[in-house]
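In listed order, ligands and their atoms are each counted from 1.
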Amino acid sequence: MRAHIWLSLLVLLSRAALAAPPPAVDPAMLDLADRSRCLTCHDIDETVRGPAWRDVAKRYRGKPEVEEALVNKVHEGGGGAWGNDYMSANKRVGLDNIRVLVRWILSLP
Ligand code: HEC
């Protein structure tokens, strides 16, 4: 009888673990991305005009040397890496904020 109760509890707990949502996205970073107008073309999980940011993180995982080039590309604008579309320049966001955003994007699980 006891064992049965424990077993049910275990099943319930593992179900809860399986249903856990994906890792939360830092709301402060999402806010910065929103204020920087990145979200008009990007989403964390879905490709919009620009690639999904989790795909960007996946492509460059383990290649920290790309960070500076990506910062410059977001700043100046550019294309050729994901498709036929072109990212317009984001100079008003400023290099410091862009660097913070790119580091965060690259760290997305
Ligand atoms: C006008 C639409 C638009 C806006 C606004 C925009 N992007 Fe993009 N972004 C794109 C497109 C399109 C690409 C794909 C370019 C390519 O294929 O090389 C891209 C690519 C990227 C990449 C990957 C670049 C590579 O070479 O792999 C990063 C990182 C990125 N964007 C970050 C940002 C950030 C951060 C902002 C806000 C400061 C931003 N983007 C704003 C359209 C946009």
Side-chain angles (χ1 to χ4, degrees):
M1 204 53 165
R2 273 256 157 97
H4 186 236
I5 290 170
W6 283 114
L7 201 66
S8 324
L9 200 64
L10 203 69
V11 168
L12 278 177
L13 282 174
S14 52
R15 278 226 185 108
L18 281 177
V25 172
D26 183 345
M29 291 308 302
L30 210 52
D31 185 54
L32 178 61
D34 189 22
R35 282 185 284 121
S36 307
R37 308 215 179 275
C38 313
L39 301 186
T40 53
C41 296
H42 288 281
D43 183 80
I44 308 276
D45 294 295
E46 277 169 51
T47 299
V48 191
R49 241 189 96 175
W53 278 343
R54 284 198 208 279
D55 291 342
V56 175
K58 207 184 286 172
R59 178 179 287 191
Y60 301 118
R61 187 100 60 222
K63 297 181 191 143
E65 69 276 9
V66 301
E67 181 185 303
E68 208 46 39
L70 288 179
V71 169
N72 286 323
K73 179 163 173 176
V74 173
H75 190 244
E76 310 289 325
W82 293 88
N84 298 322
D85 215 342
Y86 187 88
M87 173 160 54
S88 41
N90 293 282
K91 293 196 179 166
R92 292 210 307 208
V93 178
L95 279 171
D96 289 345
N97 276 336
I98 291 176
R99 187 164 290 112
V100 168
L101 284 163
V102 165
R103 272 194 195 144
W104 167 67
I105 292 165
L106 292 177
S107 78
L108 286 170

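Ranking protein heavy atoms by distance to atom 17 (O) of ligand 1, first place goes to Trp82 N, 2.6 Å. Residue, atom and distance of the protein heavy atom nearest to atom 21 (C) of ligand 1 are Met87 CE, 3.4 Å. Protein heavy atom in closest approach to atom 24 (C) of ligand 1: Leu70 CD2, 3.7 Å. Counting only heavy atoms of the protein, atom 3 (C) of ligand 1 lies nearest to Cys41 SG, 2.7 Å. Protein heavy atom in closest approach to atom 5 (C) of ligand 1: Arg37 O, 3.4 Å. For atom 37 (C) of ligand 1, the nearest non-hydrogen atom of the protein is Cys38 SG, 1.9 Å. Regarding atom 14 (C) of ligand 1, its nearest protein heavy-atom neighbour is Pro51 CD, 3.6 Å. Among protein heavy atoms, atom 27 (O) of ligand 1 sits closest to Tyr60 OH, 2.5 Å.
Within the 4.0 Å heavy-atom criterion, neither part of Arg59 lies near ligand 1. The proximity of Thr40 to ligand 1, defined as any non-hydrogen pair under 4.0 Å, is limited to the side chain.
In this structure a side-chain-to-backbone donor-acceptor pair under 3.5 Å is missing from Asn97 to Leu95. The closest donor-acceptor contact from the side chain of His42 to the backbone of Arg49 lies at 3.5 Å or more, if one exists at all.
Ligand-side atoms of ligand 1 in range of Gly83: 17 (O), range being under 4.0 angstrom from any heavy atom. Listed by number with element, the atoms of ligand 1 under 4.0 Å from a non-hydrogen atom of Gly50 are 10 (C), 11 (C), 12 (C), 13 (C). In summary, the atoms of ligand 1 found under 4.0 Å from a heavy atom of Gly80, numbered by their order in the structure, are 16 (C), 17 (O), 18 (O). In summary, the atoms of ligand 1 found under 4.0 Å from a heavy atom of Ser88, numbered by their order in the structure, are 1 (C).
Nearest heavy-atom pair, Gly78 versus Lys73, reported as atom, atom and distance to 0.1 Å: C-CE, 3.8 Å. Closest non-hydrogen pair, Gly77 versus Tyr86, comes out as C-OH, 4.1 Å. Between Trp53 and Cys38, the shortest heavy-atom distance links the atoms CH2-CB, 3.5 Å.
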query = Under the side-chain contact (heavy atoms from CB on, under 4.5 Å) criterion, do Tyr60 and Ile105 qualify, and how do the steps go?
reply = CA-CA 10 Å; Tyr60 301 118; Ile105 292 165; over 6 Å; no

task = I would like to know whether Met29 and Val100 meet side-chain contact (heavy atoms from CB on, under 4.5 Å); could you show each step before the answer?
result = CA-CA 9 Å; Met29 291 308 302; Val100 168; 3.6 Å; yes

key: Derivation and outcome, side-chain contact (heavy atoms from CB on, under 4.5 Å), residues Val102 and His75   = CA-CA 11 Å; Val102 165; His75 190 244; over 6 Å; no

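Under the 4.5 Å side-chain contact rule for hydrophobic residues, Leu106 and Leu30 share a cluster.
Remark: ligand 1 and Ala81 share an N or O pair separated by less than 3.5 Å (distance only, no angle test). Checked by distance only, ligand 1 and Lys73 come closer than 3.5 Å through their nitrogen or oxygen atoms.
One finds no salt bridge joining Arg59 and Asp55 here, because no Lys/Arg side-chain nitrogen approaches an Asp/Glu carboxylate oxygen to under 4.0 Å.
At least one heavy atom of Asn90 sits closer than 4.0 Å to an atom of ligand 1.
Put simply, the side chain of Leu108 does not reach to within 4.5 Å of the side chain of Val56, judged on heavy atoms.
Atom 8 (Fe) of ligand 1 has an N, O or S atom of His42 inside 2.8 Å of it.
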